[in-house]
Amino acid sequence: MMPSGRHWESLPELYAAELDELYALVLLQTDVLSRAGESVAAPDLAKLARSEAGESRQQLTRIEELFEALGRTPGVGTRESTTALCREALAATEATGADHLRDAAVIGALRRMKHCEMATCSALAAMARGLGNPAGVAALEDVCRRAGEMDAQLEELSGRVDSAAAHTKSDVSIF
């Protein structure tokens, strides 16, 4: 996942750069979840988004502890792909039109963010293992597990939103 033109001299440098990316993703995700909690129509989705915004704040603390163990502070430089995911999710929260369509768009955007988080966490856990950092491995695996749990909840909610949409006549036609 090394951006073009960047070079790291060591695995610890790459680990720190990837940890920065994870921190930025979770920070942006916290904002998206907070906004989603206020903008979606499905009560279960709004409740999950608000709850997960709080969980994301706790994840930020865990990641900050990993930085402290490295003697570093988090940077918030993000890759274009990360900011694009977040822009897409924010756009979904602000979309107008049929509620169930907006909710479906928010769910899809949040799931893409969670998949990115899981991929980054699993790569970081492997790096932490290679660096002999068992506390880092445990923390990153926990972050990854929690992201997977939210993804599963979003998948379940997606089915309910789809089912509700099937029973609702939409004023929107895409064909």
Who passes side-chain hydrogen bond (donor to acceptor under 3.5 Å, both in side chains) against Arg111, sequence neighbours left out? Asp151
Report whether Leu11 and Leu70 are members of the same hydrophobic cluster (ILVMFWY, side-chain heavy atoms less than 4.5 Å apart, transitive linking). yes
The test is salt bridge (Lys or Arg N to Asp or Glu O under 4.0 Å); show your working for Arg62 and Glu55 and say whether it passes. CA-CA 11 Å; Arg62 289 181 187 102; Glu55 177 63 32; 3.4 Å; yes
When you measure from the side chain of Thr93 to the backbone of Ser39, do you find a donor-acceptor pair of N or O atoms at a distance under 3.5 Å? no
Could you work out, with side-chain hydrogen bond (donor to acceptor under 3.5 Å, both in side chains) as the rule, every residue matching Glu52, not counting sequence neighbours? none
Can you tell me how far CD of Gln29 sits from CE of Met150, rounded to the nearest 0.5 angstrom? 7.0 Å
Could you note down all residue pairs passing side chain to side chain donor-acceptor pair (under 3.5 Å) where residues 127-141 supplies at least one of them, sequence neighbours left out? Arg129-Glu141
Can you tell me how far the CG atom of Leu110 sits from the CE atom of Met113, to the nearest 0.5 Å? 7.0 Å
Heavy-atom nearest pair, Tyr15 first then Gly136, reads OH-CA, 4.4 Å
Nearest heavy-atom pair of Leu140 and Ala125: which atoms, and what distance? CD1-N, 3.8 Å
Those residues that, when tested against Glu88, pass side-chain hydrogen bond (donor to acceptor under 3.5 Å, both in side chains) (two or more places apart): Arg112
Nearest 0.5 Å please: distance from the CG atom of Leu28 over to the OH atom of Tyr23. 10.5 Å
Would you give the length of the straight line joining atom CD of Gln153 to atom OG of Ser158, rounded to the nearest 0.5 angstrom? 13.5 Å
Going by the rule side chain to side chain contact (heavy atoms under 4.5 Å, CB included), which residues pair with Glu68 if we only count those two or more places apart in sequence or in a different chain? none
May I ask you to test the Leu66-Leu124 pair for a side-chain heavy-atom distance under 4.5 Å? no
Ile63 versus Pro74: any side-chain heavy-atom pair under 4.5 Å? no
Tell me, please, which residues at least two apart from Thr61 pass side chain to side chain contact (heavy atoms under 4.5 Å, CB included). Glu64, Glu65
Could you go through residues 41-51 and list every donor-acceptor pair under 3.5 Å that involves a side-chain atom there, pairing it with any protein atom two or more places apart or in another chain?
from: Asp44; atom 1: OD2; to: Arg160; atom 2: NH1; distance (Å): 2.3
from: Arg50; atom 1: NH1; to: Gly37; atom 2: O; distance (Å): 2.9

So the salt bridge (Lys or Arg N to Asp or Glu O under 4.0 Å) pairs with at least one residue in residues 28-38 (sequence neighbours excluded) are Asp31-Arg35, Arg35-Glu94
If every non-hydrogen atom of Ala92 is compared with every non-hydrogen atom of Arg102, which pair is closest and at what distance? O-CG, 3.1 Å
Val143 side chain reached by Arg146 side chain, heavy atoms, under 4.5 Å: no
Which value, rounded to the nearest 0.5 Å, describes the distance between Cys121 atom SG and Gln59 atom CD? 7.5 Å
Would you please name every residue forming a side chain to side chain contact (heavy atoms under 4.5 Å, CB included) with Thr30, sequence neighbours left out? Val26, Ser56, Arg57, Leu60
Is it true that Leu131 and Leu19 fall in one hydrophobic cluster, defined by side-chain heavy atoms closer than 4.5 Å? yes
